[in-house]
Student: 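Quick one: structure below, then a few questions.
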Amino acid sequence: MSASYTRLFRILFVIIFIKLLFLLGLFLHSYDGAARLQRRSHVDVFDELLVDRRQMPSWEQRLRWIREEMPSFPLEELLARENSRLPSVKCGPAPDLMNIDFHNTYWQRAINGNLTYYLFAAYYDNREAVPEAPLVRLLAMVNQHQDNAFKYPEIFCQLWYEGRADPVIVPVSEHKVMWPFGHAPRRYYPTFLSCPLPEGEEQWIVPKMVSLLANKCDKARNLLLVVYEVDEPTVTGKSVANASSPTSAVPSTDPKFVVCVKAMDFPYEDKSWRLIEWLELMRLLGAHKVVLYDAQMHSNMTRVIKDYLVTSPGFVELRRMSLGRGEPHVGPHFHHYAMMADGFNRILNEMIPYNDCFYRNMYKFDYVGVFDIDEVIMPLGNHTTWPELVKLARIVPDYESRTPADCTEWVSFCFRNVYYPRYPERPKVYRNLSSSFYMLQHVERVREHCNRGAAAKCLHDTRFAVGLHNHFTFFHTEEAACAAKSVPIEFAQLQHYREPDTKSLLIDPIVDASIWRFQPQLQARVEDRYRRLGFLPTEQELAKTLEKRRLRDELQLKEAVGGA
């Protein structure tokens, strides 16, 4: 009985299978089936174009990107104000996006009579040592140089607070021009405008936005975010950023340092390898953060900075900027020409990133250093970090005794400059180290240090500095701190890796290899970054390079012999 059932099931299976084959054949011969098969074999590649298929970013993410693109424009705060449906005001209605007079991407304009103000950013200053605090400072370029005989016409700040319809309007109390060294026509001068907050319920509340205008009840044509960046909350005595960050080189109880770098204008010269070595040395010395301003760099330098942004978040920051007078913020070629065409205008504009960096970081760090990437404040003797150095600087004498002997606080600790030129005709001092290290290889310097005021660089105390030059402070809180102290050269020096302006200094160099104390760590970190970025050649690429070099040398030799 079971055998007959088995045969029956087999017959049914064969019949079903034949019917399925028949149906499949009909499908394949049909128009729809043939078309699908044809698309599968011939057209599917066009259905899989390699295009960006990501979803539209969230509104919150777009606002974060806009803040990065336009760091001084308070779009998020402006939209929040518009959505809150506050009552209309008669004096000083808030500006809107279509009313803003933007200038050269990152600036905004205000006009008062014959004066034109190009506004870059605004900052809340409530430091204990500042007598006029709390106040809002506006950083601007103004077509008026320092002139004690000139009287600025009255101009006002409209301060906008969260949840309040009408602005708090205060007169600008002071113009601090940060350039006392002469002037020229058609130039704009870096200037801080002070807007003290009036006594009352808003005195110690941080405004969200500020506008500058000639008539206090007008509708402003500019609107700036008021920057107030405080340190992260602490966990067991350490800041959140430093508790787990691998970039912290010193304990959190030590002073914290931020380094501010001027506009990185290197469109043609690839200094990526030198930038890596300099950044890693900054980290070893104790810098917690390095802020650079993008003036359109070589692509390899941009790669380096982007890699640090990913691998060392919080250690490197890249900020946007443009020239304040109005030179177009376009591609690198014209931008570089505009910066080089007028050296005085370029130097005046350099004051903007120095001071923007200072005021964005003054609540988060104890000291600010303003350096180029060919400059290093080098501790000497038994000291190897900046935290050790500033503690020592407090007790050593002031070189040339310029500050009173009873000083207990100084606005800055400054260090005398000494040049480390290339000396290309001289053999390498450290023969076992490759030439891919610039500072580690260049350990011959000129014999004499510059004097106290020539090209020195400083570590500025964020409690007391008010306006920065790249070599000193323009203004500081004089009642709370003395002027800068010059630290004697037996304790530290500014190592400047460039040729001196006075060529006679090149004669009779000496070896000063103080940087070699960092050699093992610095070399390992730099080489690791080279590998990560793909800067090291493969064996095949190296062989090709050496062969090209050999052929070039042979050609030069033949030309020399033939010419002789």
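Heavy-atom basis, side chains included; hydrogens, waters and symmetry copies ignored.
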Student: Where do Tyr118 and Tyr188 land on the ring pair (Phe, Tyr, Trp, His ring centres under 6.0 Å) test, with the steps shown first?
Tutor: CA-CA 9 Å; Tyr118 292 131; Tyr188 284 73; 5.1 Å; yes
Student: Are the charged groups of Arg67 and Glu77 less than 4.0 angstrom apart, N to O?
Tutor: yes
Student: Before accepting this row, confirm whether a basic side-chain N of the pair Arg463/Glu409 lies closer than 4.0 Å to the acidic partner's carboxylate O.
Tutor: yes
Student: Hey, are Arg62 and Glu60 close enough for a salt bridge, meaning a charged N less than 4.0 Å from a carboxylate O?
Tutor: no
Student: Are any of the side-chain heavy atoms of Phe371 and Met282 separated by less than 4.5 Å?
Tutor: yes
Student: Does the side chain of Trp204 come within less than 4.5 Å of Asn126's, by heavy atoms?
Tutor: yes
Student: Does the Lys NZ or Arg CZ of Arg529 fall within the cation-pi geometry relative to Tyr308 - under 6.0 Å from the ring centre and within 45° of the axis?
Tutor: yes
Student: State whether Phe365 and Lys256 meet the cation-pi test: NZ (Lys) or CZ (Arg) under 6.0 Å from the six-membered ring centroid, and within 45° of the perpendicular axis.
Tutor: yes
Student: Tell me whether Trp107 contacts the main-chain N or O of Gly326 through its side chain, where contact means a donor paired with an acceptor under 3.5 Å.
Tutor: no
Student: Carefully, step by step, assess Asp356 and Tyr293 under the rule side chain to side chain donor-acceptor pair (under 3.5 Å).
Tutor: CA-CA 10 Å; Asp356 179 67; Tyr293 286 77; 2.6 Å; yes
Student: Cation over ring, Arg274 on Tyr438, under 6.0 Å and within 45°?
Tutor: yes
Student: Let me know which of Phe475, Tyr359, Phe358, Phe474 forms a ring-ring contact (aromatic ring centres under 6.0 Å, His included) with Phe192.
Tutor: Tyr359
Student: Hey, is the main chain of Gln61 close enough, under 3.5 Å, to the side chain of Ser58 for a donor-acceptor pair?
Tutor: yes
Student: Do Arg452 and Asp398 meet the salt-bridge criterion of a basic N to acidic O distance under 4.0 Å?
Tutor: yes
Student: So, Thr191 and His175: side-chain donor and acceptor under 3.5 Å apart, yes or no?
Tutor: no
Student: So, the side chain of His471 versus the backbone of Ala456: is there a donor-acceptor pair under 3.5 Å, distance only?
Tutor: yes
Student: Do you know which two heavy atoms are closest between Ala140 and Ile352, and how far apart they sit?
Tutor: O-CD1, 4.2 Å
Student: Can the positive tip of Arg109 be found less than 6.0 Å from the middle of the six-membered ring of Tyr117, inside 45° of the ring normal?
Tutor: no
Student: With a cut-off of 6.0 Å (strictly less than), are more than 12 heavy atoms of other residues, nucleotides or ligands near NZ of Lys306?
Tutor: no
Student: Salt bridge check: are Glu69 and Arg320 linked by an N-O gap of less than 4.0 Å?
Tutor: no
Student: Answer yes when Glu154 and Lys216 have at least one side-chain N-carboxylate O distance shorter than 4.0 Å, and no when they do not.
Tutor: no
Student: Output yes when Glu388 and Lys391 qualify as a salt bridge under the 4.0 Å nitrogen-oxygen rule, no when they do not.
Tutor: no
Student: Do Gln203 and Glu201 meet the criterion of a side-chain donor-acceptor pair at a distance under 3.5 Å?
Tutor: no
Student: Does the cation-pi check pass for Lys485 over Trp410, that is, NZ or CZ under 6.0 Å from the six-membered ring centre and within 45° of its axis?
Tutor: yes
Student: Should Glu202 and Arg164 count as an ion pair when the cut-off is N to O under 4.0 Å?
Tutor: yes
Student: Between Asp294 and Arg319 (salt bridge meaning N to carboxylate O under 4.0 Å), is one present in this structure?
Tutor: no
Student: Does a side-chain N-to-carboxylate-O contact under 4.0 Å join Asp265 and Arg346?
Tutor: no
Student: Is the closest side-chain heavy-atom distance between Ile205 and Tyr161 below 4.5 Å?
Tutor: yes
Student: Could you go through Phe415 and Leu389, starting from their C-alpha distance and side-chain angles, then the distance that decides it, and tell me whether this counts as side chain to side chain contact (heavy atoms under 4.5 Å, CB included)?
Tutor: CA-CA 11 Å; Phe415 306 88; Leu389 183 57; 3.6 Å; yes
